[in-house]
Amino acid sequence: MSANEPQEKYQDSELFRIRHSAAHIMAQAVLELMPEAKYTIGPAIENGFYYDFDLPRALTPEDLVQIEKRMRQIIAGNHPFVRRVLSADEARQIFKDQPYKLELIDGLEKGQFDEDGNPLEEKPEISIYTHDTFTDLCRGPHVESTRKINPSAIKLMSVAGAYWRGDEKNKMLQRIYGTAWKTPKELEQYLWQLEEAKKRDHRKLGKELEIFVFDEEVGPGLPLWLPNGGVMIEELESLAKEVENAGGYDRVRTPHLTKEELFIRSGHLPYYAESMYPPMELEGVKYYVKPMNCPMHHKIFASLPRSYRDMPIRLAEYGTCYRYEKSGELFGLMRVRSMQMNDAHIYCAEEQFEQEFMAVIGLYLHYFEIFNIEKYVMRFSTHAKAGLGKKYIDNERLWLKTEDMVRRAMQNGGVPYIEVPDEAAFYGPKIDVQIWSAIGREFTLATNQVDFAVPERFDLKFINPHGEEEIPLCIHRAPLSTHERFIGFLIEHYAGNFPVWLSPQQVRVIPITDSQNDYVYNVVKQLKALGIRASADVSAARMNAKIRSAQLFKIPYMLVIGEREMNEGKVSLRRRDGSRQDDLALESFIAIIQEKIKSRSGELI
RNA sequence: GCCGACGUAGCUCAAUACGGCAGAGCAACUCACUUGUAAUGAGUAGGUUAAGGGUUCAAGUCCCUUCGUCGGCUCCA
């Protein structure tokens, strides 16, 4: 279930103090290496810490080695961390050569921001921590002395760019990431986890399993789905269609292009233009490739007069969209520029909202079960007043009203969620579902958004029981995300060992010598006739090599066939986990695999 | 988009800090072997070293530009 178990807050833990203190020690080492360095902030984060510096030159990997070495020396010095509370003016005196610190002190004095740049509720005390020769503006807490850190349990990981205060208008600083643990064993364990995660990286497995490729000549962020990926897409789409048909959805199809007018009306051009491909102009008319399907679905809703008897109307489409993601934001299949979305728009009357909204949440839970997703969090994203008219449609009354409706629906439905301000879509609040793959990597996949503004802009209406025109609410939802992101997630989640129903190749039939080839062809033919994805390996290689090859492709079932099996109409079943079942009648195997496929079993063997 | 690193055969990697004849394994193809649950052996072919420009007697290696990828930042399904 969702991760809401009570536990010690990380901020109060020993590990947090170790990491935060390690950040200070690293800053000391960096300042010794480059005395002109300006230092900014350096918090503890999940699995480690970082510190941001403004440096006269770029850091090199050799610098990191030096810095790490010096950190160990400082730790060995057993210097105590000493806290001191002081006035803003005194702090300004201490940090007079550190412009970033002076900016932070101003923020603290006005009670706006803490030293990590987070907004403050009330005006804080200003404090500094000193160890050895290094003093930092800091709220703490720290370990008592540097020796409390195990010098063999820290490691500097990487250098990266980061904007001062996370704002892209500000200067780019150099950030050093480090990791720190209580014991060397824990450090090793963490590094091992990183290695394991690399093995599951969807970019690596996607290539090895021949699921997708990127081609420089086609363009960045524009994946080509190979036949194996094509199979997975087909399977996901049939699942979605099945579920949506049962849920009362109607399927529609819409073009990839539309005239500029439509996107002006929808609000995409004013609010979303920088994520859209630029227009193409023909005969004086501008056309845009669509970044979302909603405007077309709205037009379909508007194409007929609607009565309250028809409501809700649920329009579904695996729509292909194009978004101009900035080049540095692209990431394998997870962040692409062309994508196919498990999209639908639900138009309903206000009193139908709660039921419809919760039905969508129900869909998520159904899918989570199918895909063995055990850990997730519903993130309720709301607007921020400051963004009205810029990031968000300027109608505070409707924002507050719809946010309240969503909150009530979630509470009535007993669905745990966390509320995150200032992350809504431009047209309304949304629920994003954050999930964790089997190795604990986090993804934002499904989304469920309320649109209170656009139906009005599109002049959408239905006739209510009183014979009056009423504007419907619209729910945008995409429980299976996009094919790109969802399959990327599935590859990492299953490490390529997909459940049988989803496996691009389900059965590999392997003859021991080529005198069994004819029988093998016959077996494959029978399996294929039943819709099972089977192929024969009749290459010149030996049986062992064929098994290895099927194993590397993570094909769930191998049927090994020799003289004996051929004569008795049997197969020797080898599963990808290495387990075996000999002397199995072909019909028995067919019964086994058909059951797995039909039930979309989540069992991996 | 920004900071930094990287780009050698279909894939994984070499090519001795300091320029001096582009190499290996796997995959592919050919031939032989006919094999009982993770690699049979031998041979053949495969490259304008991402693209373009520059320095040099000589550039995979040094410099510049462009493209792409990766680690982050920002942004997001």
task: Could you please name the partner base of rC75(B), counting Watson-Crick and G-U wobble pairs only when both distances are under 3.5 Å?
output: none
Greater than 12 external heavy atoms within 6.0 Å of Arg57(A)'s CZ: yes
task: Could you check which nucleotide pairs with rA38(B) in any of the strands shown, counting Watson-Crick or G-U wobble with both distances under 3.5 Å?
output: none
query: With sugar-phosphate meaning primed atoms plus P, OP1 and OP2, does Gly578(A) contact a base, only sugar-phosphate, or nothing at under 4.0 Å between heavy atoms?
result: nothing
query: Is Met341(A) touching bases, backbone alone, or none of the nucleic acid, heavy atoms closer than 4.0 Å?
result: nothing
message: For a quick check of understanding: with a heavy-atom distance under 4.0 Å over all strands, which category does Thr482(A) fall into, base, sugar-phosphate or nothing?
response: base
message: Give the residues of residues 327-335 of chain A touching RNA chain B, defined as any heavy atom closer than 4.0 Å, sorted by residue number.
response: Ser327(A), Gly328(A), Glu329(A), Phe331(A), Gly332(A), Met334(A), Arg335(A)
- request: Could you go through the side-chain contact (heavy atoms from CB on, under 4.5 Å) check for Ile346(A) and Phe357(A) one step at a time?
  value: CA-CA 9 Å; Ile346(A) 300 169; Phe357(A) 194 82; over 6 Å; no
- prompt: If we take the C1' atom in both rA15(B) and rU8(B), what is their distance in whole Å?
  reply: 9 Å
- prompt: Is there a Watson-Crick or G-U wobble partner for rA58(B) with both distances under 3.5 Å, and which nucleotide is it?
  reply: none
query: Is Asp514(A) touching bases, backbone alone, or none of the nucleic acid, heavy atoms closer than 4.0 Å?
result: base
His476(A)-Tyr427(A) aromatic ring centre distance below 6.0 Å: yes
- line: Result for 5'-nearest mapping on RNA chain B, choosing between Glu216(A) and Ala424(A), is Glu216(A)
- request: Using the P atoms only, state how far rA50(B) lies from rG7(B), rounded to an integer number of Å.
  value: 8 Å
query: When the C1' atoms of rC6(B) and rU61(B) are considered, how many whole Å apart are they?
result: 15 Å
message: So Phe486(A), base contact, sugar-phosphate only, or nothing? Heavy-atom distance under 4.0 Å.
response: nothing
- request: Quick one: label Asp582(A) by what it contacts on the DNA or RNA (base, sugar-phosphate, nothing), any heavy atom closer than 4.0 Å.
  value: base
- prompt: When you compare rA45(B) with rC33(B), how far apart are their P atoms, in angstrom units rounded to a whole number?
  reply: 23 Å
query: So which one's nearest nucleotide on RNA chain B is more toward 5', Arg203(A) or Arg548(A)?
result: Arg548(A)
message: In whole Å, measure the gap between the C1' atoms of rU49(B) and rA59(B) for me.
response: 11 Å
message: Under 4.0 Å, counting only non-hydrogen atoms across every strand here, what does Ala160(A) touch: a base, just sugar-phosphate, or nothing?
response: base
query: Which part of the nucleic acid, if any, lies within reach of Ile512(A) when heavy atoms closer than 4.0 Å are counted: base, sugar-phosphate only, or nothing?
result: base
- prompt: Reckon Glu484(A) touches a base, only the sugar-phosphate, or nothing at all at heavy-atom distances under 4.0 Å?
  reply: nothing
query: Taking the six-membered ring of Tyr324(A) as reference, does the NZ or CZ atom of Arg337(A) fall below 6.0 Å from its centre and within a 45° cone about the axis?
result: yes
query: Is Arg19(A) close enough and on-axis enough to Phe49(A), meaning under 6.0 Å and within 45°, for cation-pi?
result: no
query: With a 6.0 Å cut-off on ring centres, are Phe489(A) and Phe371(A) close enough?
result: no
- prompt: Using atom C1' of each nucleotide, how far apart are rG46(B) and rC29(B) to the nearest Å?
  reply: 10 Å
task: Give Lys430(A) one of three labels, base, sugar-phosphate or nothing, depending on what nucleic acid heavy atoms sit under 4.0 Å from its own.
output: sugar-phosphate
query: Under 4.0 angstrom, heavy atoms only, what part of the nucleic acid is Glu217(A) near: base, sugar-phosphate, or nothing?
result: nothing
- prompt: Ala545(A) near the nucleic acid: base, sugar-phosphate alone, or nothing, with a heavy-atom cut-off under 4.0 Å?
  reply: sugar-phosphate
query: Considering Watson-Crick and G-U wobble pairs with both distances under 3.5 Å, what does rA27(B) pair with?
result: none
- prompt: If you walk 5' to 3' along RNA chain B, what is the first nucleotide with an atom under 4.0 Å of a heavy atom in chain A, and what is the last?
  reply: rG1(B) to rA77(B)
query: Knowing that exactly one of Glu356(A), Glu244(A), Glu317(A) qualifies, which makes a salt bridge (charged side-chain N to carboxylate O under 4.0 Å, His left out) with Arg477(A)?
result: Glu244(A)
field: Distance, nearest 0.5 Å, that separates OG of Ser381(A) from CG of Asn448(A)
entry: 11.0 Å
message: Between rG54(B) and rA39(B), how many Å separate the two C1' atoms, rounded to a whole number?
response: 48 Å
- prompt: side chain to side chain donor-acceptor pair (under 3.5 Å) with Glu196(A): which of Lys198(A), Gln193(A), Lys199(A)?
  reply: Lys199(A)
- request: Check the surroundings of atom CD in Glu234(A): do more than 12 heavy atoms from other residues, nucleotides or ligands lie under 6.0 Å from it?
  value: no
task: Name the nucleic acid region contacted by Arg175(A), choosing base, sugar-phosphate or nothing; use a 4.0 angstrom heavy-atom cut-off, strictly under.
output: sugar-phosphate
task: With a 3.5 angstrom cut-off on both distances, give the Watson-Crick or G-U wobble partner of rC33(B), or none if there isn't one.
output: none
task: For the pair Phe426(A) and Tyr271(A), name the ring-plane relationship: parallel under 30°, tilted 30 to 60°, perpendicular over 60°.
output: parallel
Integer angstrom distance from the C1' of rG41(B) to that of rG60(B): 34 Å
- prompt: So, do Phe589(A) and Tyr557(A) have ring centers that fall under 6.0 Å from each other?
  reply: yes
query: Should rU69(B) form a Watson-Crick or G-U wobble pair with both distances under 3.5 Å, which nucleotide is its partner?
result: rA5(B)
message: So Glu208(A), base contact, sugar-phosphate only, or nothing? Heavy-atom distance under 4.0 Å.
response: nothing
